[in-house]
K.L.:
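Got a structure for you, written out below as structure tokens; questions coming shortly.
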Amino acid sequence: MPPVKQLWFSALNKPHVRDKYVQRVREIDKKIGSFLSFKLEEQDWTALGRKPLGGVPVAVKDNIAVRGRKLTCGSRILENFVAPYTATAIRRLENAGALVVGKTNMDEFGMGSSNEHSALGRTSNPWDLQRVPGGSSGGSAAAVAAGLVPLAVGSDTGGSVRQPANFCGIYGFKPTYGSISRYGLTAYASSLEVIGLFAVDIRLLETAFETMHAEDEFDQSSFSTNISGSEVKKIAMLDIDPGMLETPVAEAYTQAAQILRERGYVVEKVNLVTLKFVIPSYYTIANAEASANLARFDGIRYGSGSGYSQNPINLIKEARSRGFGDEVKLRILLGTYVLRSGFKDQYYIKAQRVRTLIRKELGVLLRNYPLLLMPVFPTQAFLRADSEMDNYKQRLSDIFTCLANLAGLPALSVPIGINRGLPTGVQFVAPAFGEKSLFDIARGFSEVFPVQFPPGALEIERMR
Amino acid sequence: MEQDEWAVTAELAALKLSEGEKKRLVKQAEQMRKLYLSMSSAVVDNLEPTTHASVVKNRVRKDEVKPFKDVDTLLDASNELDDRFFLIPNVL
Amino acid sequence: MNSSLKIFIGLEIHIHLKTESKMFCPCSAHYGDEPNTNICPICLGYPGTLPLLNERAIEHGYLVARALGCRLSNRISFARKNYFYPDMPKNYQISQHNHPVGIGGTIEVDFNDLGAKRIRIHNVHLEEDAGKMIHANDATLLDYNRAGYPLLEIVTEPDLSRGEEAELFLRDFQRLVRYLKVSDGNMEEGSMKCDANISINLPGRGLGTKVELKNMNSPRFVRLALGYEIERQSKLFNSGGEIVQETRLWNENRDITLPMRRKETPDDYRYFPEPDMPSFVSNAAFLKRIENQLVELPLAKKRRLQSEYDLKVEQAEFIHNDIAMVTLFEDTVKSGASARNVAAWLSSDVRKLLNRDKRTLADTPLNASRFSSLLTLVDQGRISGKIAKNVLKDIFSEDADPESIVEKKGWFQISDPNELGKIVDQVVSQNPDVIEIISGGDSKQKSWLMGEIMRVSNGKAAPELAKKILDERIG
Ligand SMILES: [Mg+2]
Ligand SMILES: [Zn+2]
């Protein structure tokens with residue numbers, strides 16, 4: 001069992017520490033705003049001790065269903081919606097003894113990279129409250145970074161786990177597509193997204209992943225396979241035009257390569273000629289799928305409706321127009337557009353063919369190199385309402401993360417220390433089912449760069 | 001012209017946009033559409049479109065009934081009920 | 001009607017597949033339950049739920065495609081068909097678009113006096129049904145029990161040219177799905193639906209402007225609606241009027257079609273591949289399973305009934321109409337009964353009882369073993385033909401075997417010479433005047449005496465033997 005598990009279990013095993021813990025979380029989260037709801041439920045602590053994740057509190061992104069808890073997806077339209085069932089991935093964590101303590105804030109329906117697109121609250125970066133935690137799983141990342149929980153669940157459609165993990169200085173893991181059931185994950189872009197994990201510790205992350213990884217009868221796109229990893233000697237490093245990255249990010253990137261070389265790996269610079277197509281292809285496909293996935297929110301069967309309307313189509317329009325924010329409306333519009341007859345070939349079909357091209361190039365690369373080193377995001381955590389970082393620029397900046405989603409590959413963002421007061425990091429991408437290589441390489445890095453906590457973070461080891 | 005296409009699109013998407021939204025969103029949508037068009041330089045006509053992230057084995061469910069235990073919570077979630085029916089204003 | 005015009009009619013038929021559970025969730029696909037009882041987060045389109053493909057639905061789809069002579073797809077996949085409507089929980093329908101179960105079949109249909117014709121099938125595809133909307137005064141009530149029922153859609157090429165043909169095609173198709181046991185195929189109860197498209201044009205000019213017809217709830221209405229439409233369009237065509245491409249609804253109260261209210265924006269379904277389910281690839285074992293479920297199709301059956309058993313056209317027509325009837329017929333014949341005799345019984349007495357009770361054969365207690373023992377009783381002279389009709393009625397009403405019915409009711413013929421002799425003696429002694437007339441040479445009165453013997457014996461006297469004894473007694 002991971003030592004972090006023991007640490008949390010032995011602390012929370014004591015009733016008075018549990019009370020203190022809850023109180024402290026509330027105190028800290030007043031400033032950070034990572035949770036939309038928080039509740040530590042009664043447990044049989046004797047039984048928990050024997051379970052692999054027994055007593056580990058877990059935060060869950062609010063687009064993942066936990067029975068009896070709200071499932072808002074950060075949206076007005078689901079503001080009061082309570083999930084009538086539990087996501088398979090969460091059920092598996094709970095069976096292993098993990099305790100879901102709360103649901104975390106997020107960009108509405110996962111659309112955004114800053115958490116500024118949540119309709120239900122503001123989340124701050126624990127390292128600098130003026131800055132965003134990243135997104136869309138920003139609440140989960142912030143909760144882990146602030147020490148409120150050692151483990152959190154998010155979803156990664158185009159980087160929504162890795163980017164906020166990077167902004168907050170923790171591990172952010174996107175598994176191979178299908179290796180964790182999506183049953184219970186509110187769909188944004190079905191062919192791209194997976195449930196992912198945040199953690200302060202790589203062994204804890206690994207245990208949680210092993211717990212969640214299974215073929216699920218409720219998700220026919222899920223599957224189980226032996227998670228492997230070949231012995232890594234050579235690592236590809238994406239050659240990047242230095243102008244693309246902010247200085248601290250570029251420094252971290254170089255430093256990561258340096259450490260790898262020092263540890264005996266061969267690091268070779270490589271190019272991806274399809275990189276320039278990643279963003280247009282990704283957004284065309286993601287938005288197209290979103291336009292259908294979000295069609296179900298019409299205020300009729302559940303969710304906020306619109307009261308009286310002349311006829312049902314107007315009723316639906318009213319509910320959607322009131323219930324969705326700008327970014328969601330924009331992506332639905334774009335997604336609808338690219339599927340329209342007359343435009344579909346030029347946009348949607350083209351993007352899918354481009355996706356094939358990108359996968360091919362990446363496939364060839366990963367046959368030669370068992371790991372690919374890349375930046376996570378061109379910048380460190382940016383300021384709230386940053387004029388330098390408008391919505392369009394943010395979307396363009398997903399370039400390094402959404403590559404793995406287009407290809408369905410596992411990827412892990414790894415912290416590389418603090419630079420100018422903010423976390424930095426890099427990510428590794430592995431071939432499908434190559435999760436083991438990711439965990440191994442990250443373990444090595446953790447010796448040099450263990451996860452650091454910002455001042456004022458919750459320190460469970462000090463609670464007695 | 002651009003406005004018209006986006007108006008038709010909004011209609012298909014069941015979105016009613018205010019004047020302000022129209023202005024804001026159409027501008028951003030056009031920006032993205034132009035970005036999409038940058039794919040035109042990719043030579044991909046001989047490639048199959050990727051429709052699924054991973055190609056896996058056949059997955060089917062046995063034809064067996066397993067009733068959902070909590071049907072009434074599904075009714076309670078609705079805005080308006082009439083007995084066991086979901087109720088909405090008239091279609092006609 | 002201008003007989004020089006060419007008429008093109010194509011049908012889009014939807015059938016509910018006979019499965020236990022829905023197409024994409026494990027809710028019951030049972031019809032007629034309390035509103036909104038067979039629902040779950042999946043079929044209500046709850047966030048986070050995913051479609052779970054029903055194995056039997058795929059098998060049924062392949063089976064029908066195979067029976068219609070389609071090219072079976074090696075790989076099938078699903079697509080989302082996008083449009084907003086309150087009866088559709090996800091506001092898209094999961095259907096098949098590029099890779100349906102079957103493409104390009106043909107089926108021969110017998111249009112009676114109009115002759116047999118081969119009708120081409122465009123494609124056969126699987127999809128899910130929507131919920132039911134009930135319109136009250138100023139509100140609409142929604143019942144999602146039906147949402148997610150497995151549907152199979154069969155699209156024909158525009159190869160039909162008369163309303164009568166469409167009706168006969170549908171009736172034959174109903175038999176087909178019942179033979180295959182994949183659907184009830186009942187239009188009146190909603191387990192089968194049919195839309196039609198029709199266009200007319202001068203010969204050699206190809207298709208005309210397509211008009212879609214909906215809301216026809218029986219094969220007869222399909223015929224009537226098409227008849228009305230042919231008339232309407234021909235008049236328009238011949239007077240130089242313009243036929244508008246539109247959807248029209250059959251109004252069964254007024255026997256006319258009327259244009260459906262038009263929407264502001266035209267439909268654009270924005271089909272794209274369903275990302276939540278992988279494709280299904282058929283293999284040899286799967287296809288073998290389909291092949292094993294294939295049965296002789298209705299038209300072939302009808303022809304074989306005529307040729308192999310030498311049945312009259314009407315008898316074959318009647319028997320082949322119901323697969324249960326065919327089975328009863330063939331099983332009874334197999335157990336040794338004469339085919340023509342069985343056919344005669346089925347198409348007269350059995351049919352009358354079914355009509356009287358408004359039942360189908362499958363709902364009755366009549367089976368091959370009962371039927372053949374009934375016929376054997378007659379053959380062996382143990383009951384008369386007249387008694388046999390009563391026994392049949394009792395099988396229907398009492399769900400019992402013929403032997404025990406006859407036993408219980410004491411209907412066996414009296415063929416013991418002693419016992420019968422006593423009855424004859426009784427009749428002879430009670431009617432000395434009649435005997436006198438017969439002795440006087442009027443032998444016609446003998447049949448009156450036979451009638452008396454039958455009356456006294458409650459119809460049970462074995463006629464041949466009774467006559468023989470009577471002759472002996474009165475010389
Ligand atoms: Mg259809
Ligand atoms: Zn269901």
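First the proteins, then the strands, lettered A, B, ... as listed; each starts at 1.
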K.L.:
Grab the two heavy atoms, one from A/Ile349 and one from B/Pro49, that are nearest each other, plus how far apart they are.
P.N.:
CG2-CG, 4.3 Å
K.L.:
Can you name the closest pair of heavy atoms from A/Ile316 and B/Ala14 and give their distance?
P.N.:
CG2-CB, 4.0 Å
K.L.:
Pair B/Lys57, A/Glu215 - check side chain to side chain contact (heavy atoms under 4.5 Å, CB included), show working.
P.N.:
CA-CA 12 Å; B/Lys57 58 178 182 168; A/Glu215 181 174 304; 3.1 Å; yes
K.L.:
Measure the spacing between CD of A/Glu327 and CG of B/Leu25 and express it to the nearest 0.5 Å.
P.N.:
9.0 Å
K.L.:
By a 4.5 Å heavy-atom criterion (distance strictly below it), what part of A/Asp298 contacts chain B: side chain, backbone, both, or neither?
P.N.:
neither
K.L.:
Which heavy atom of A/Pro84 sits nearest to which heavy atom of B/Leu74, and what is that distance?
P.N.:
CG-CD2, 4.1 Å
K.L.:
Checking heavy atoms, do the side chain of A/Leu333, its backbone, both or neither come under 4.5 Å from chain B?
P.N.:
both
K.L.:
Using 0.5 Å steps for rounding, measure from the CZ atom of B/Arg24 to the CG atom of A/Asp326.
P.N.:
4.0 Å
K.L.:
Is there a donor-acceptor contact under 3.5 Å from the side chain of A/Thr336 to the main chain of B/Thr9?
P.N.:
no
K.L.:
So which part of B/Glu48 gets closer than 4.5 Å to some heavy atom of chain A, the side chain, the backbone, both or neither?
P.N.:
backbone
K.L.:
Which pair of non-hydrogen atoms, one from A/Tyr283 and one from B/Tyr36, has the smallest distance, and what is that distance?
P.N.:
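Smallest heavy-atom distance, with atoms named: O-OH, 3.4 Å.
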K.L.:
Which atom names give the shortest non-hydrogen contact between B/Asn79 and A/Gly299, and what distance separates them?
P.N.:
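Distance-wise, the nearest heavy atoms are ND2-O, 2.6 Å.
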K.L.:
For B/Lys22, I'd like to know if atom NZ has over 12 heavy atoms of other residues, nucleotides or ligands within 6.0 Å.
P.N.:
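Buried by this count: over 12 neighbours within 6.0 Å.
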K.L.:
Does any heavy atom of chain B fall under 4.5 Å from the side chain of A/Ser291, the backbone, both, or neither of them?
P.N.:
neither
K.L.:
Can you say whether B/Ser18 sits under 4.5 Å from chain A via the side chain, the backbone, both, or neither, judging by heavy atoms?
P.N.:
neither
K.L.:
Indicate yes or no for a side-chain donor-acceptor contact from A/Ser191 to the backbone of B/Ala53 under 3.5 Å, with no hydrogens or angles considered.
P.N.:
no
K.L.:
Under a 4.5 Å heavy-atom cut-off, does chain B meet the side chain of A/Asp345, its backbone, both or neither?
P.N.:
neither
K.L.:
Side chain of B/Arg59, backbone of A/Phe223: donor and acceptor closer than 3.5 Å?
P.N.:
no
K.L.:
Would you mind checking which part of A/Asn287 comes under 4.5 Å of any heavy atom in chain B, side chain (CB onward), backbone (N, CA, C, O), both or neither?
P.N.:
side chain
K.L.:
Quick one: does A/Leu334's side chain get under 4.5 Å of B/Trp6's, heavy atoms only?
P.N.:
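Result yes, sub-4.5 Å side-chain heavy-atom pair found.
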K.L.:
Got a donor-acceptor contact below 3.5 angstrom from the A/Arg340 side chain to the B/Glu5 backbone?
P.N.:
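Pair found, side chain donor or acceptor close to backbone of B/Glu5.
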K.L.:
Please classify the contact of B/Phe86 with chain A as side chain, backbone, both or neither, using a heavy-atom distance under 4.5 Å.
P.N.:
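It is the side chain, since no backbone atom gets that close.
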K.L.:
Between A/Ser222 and chain B, with a heavy-atom cut-off of 4.5 Å, which part of the residue counts as in contact: side chain, backbone, both or neither?
P.N.:
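Contact with chain B is through both the backbone and side chain of A/Ser222.
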K.L.:
With a 4.5 angstrom heavy-atom cut-off, which part of A/Ala351 approaches chain B: side chain, backbone, both or neither?
P.N.:
both
K.L.:
Which bit of B/Asp70 is near chain A, if near means a heavy-atom gap under 4.5 Å: side chain, backbone, both or neither?
P.N.:
side chain
K.L.:
Distance from A/Ile285 atom CD1 to B/Thr50 atom OG1, nearest 0.5 Å?
P.N.:
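Spacing of CD1 (A/Ile285) from OG1 (B/Thr50) equals 7.5 Å.
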K.L.:
Which value, rounded to the nearest 0.5 Å, describes the distance between B/Met32 atom CE and A/Tyr337 atom OH?
P.N.:
13.5 Å
K.L.:
Looking at chain B, which one of A/Leu409, A/Thr274, A/Thr356, A/Ile332 has the largest number of heavy-atom pairs inside 4.5 Å, strictly under?
P.N.:
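The candidate making the most pairs under 4.5 Å is A/Thr356.
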K.L.:
Side chains of B/Gln31 and A/Arg395: donor-acceptor distance under 3.5 Å anywhere?
P.N.:
no
K.L.:
Counting only heavy atoms closer than 4.5 Å, note whether A/Leu396 contacts chain B via side chain, backbone, both or neither.
P.N.:
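Just the side chain, heavy atoms under 4.5 Å.
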K.L.:
Hey, is the main chain of B/Leu47 close enough, under 3.5 Å, to the side chain of A/Arg353 for a donor-acceptor pair?
P.N.:
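Yes; judged by distance alone, with no hydrogens or angles, the pair exists.
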K.L.:
Quick one: what part of A/Phe324 sits under 4.5 Å from any heavy atom of chain B, side chain, backbone, both or neither?
P.N.:
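Side chain of A/Phe324 only, per the 4.5 Å heavy-atom cut-off to chain B.
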K.L.:
What part of B/Leu75 gets within 4.5 angstrom of chain A, counting heavy atoms only: side chain, backbone, both, or neither?
P.N.:
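Interface part for B/Leu75: neither.
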K.L.:
Working to the nearest 0.5 Å, report the span between CE of B/Met39 and OG1 of A/Thr284.
P.N.:
3.5 Å
K.L.:
Do other residues, nucleotides or ligands put more than 12 heavy atoms under 6.0 Å from the NZ atom of A/Lys344?
P.N.:
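Buried by this count: over 12 neighbours within 6.0 Å.
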K.L.:
Which bit of A/Ser304 is near chain B, if near means a heavy-atom gap under 4.5 Å: side chain, backbone, both or neither?
P.N.:
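The backbone, not the side chain.
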K.L.:
In terms of heavy-atom proximity below 4.5 Å to chain A, should B/Ser38 be classed as side chain, backbone, both, or neither?
P.N.:
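For B/Ser38, the contact with chain A is made by backbone and side chain together.
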K.L.:
Indicate yes or no: does B/Arg61 engage A/Glu217 in a salt bridge with an N to O separation below 4.0 Å.
P.N.:
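Looking at A/Glu217 together with B/Arg61, the answer is no, because their closest N to O distance does not fall below 4.0 Å.
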K.L.:
Go through the atoms of A/Val338 and report whether side chain, backbone, both or neither lie under 4.5 Å from a heavy atom of chain B.
P.N.:
side chain
K.L.:
Taking it one step at a time, do A/Tyr347 and B/Leu37 satisfy side chain to side chain contact (heavy atoms under 4.5 Å, CB included)?
P.N.:
CA-CA 7 Å; A/Tyr347 295 97; B/Leu37 286 175; 3.6 Å; yes
K.L.:
Rounded to the nearest 0.5 Å, how far does CD of B/Gln28 lie from NZ of A/Lys329?
P.N.:
12.5 Å
K.L.:
Can you find a heavy atom in the side chain of A/Phe277 that is under 4.5 Å from one in the side chain of B/Val44?
P.N.:
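Counting from C-beta outward, A/Phe277 and B/Val44 never come under 4.5 Å.
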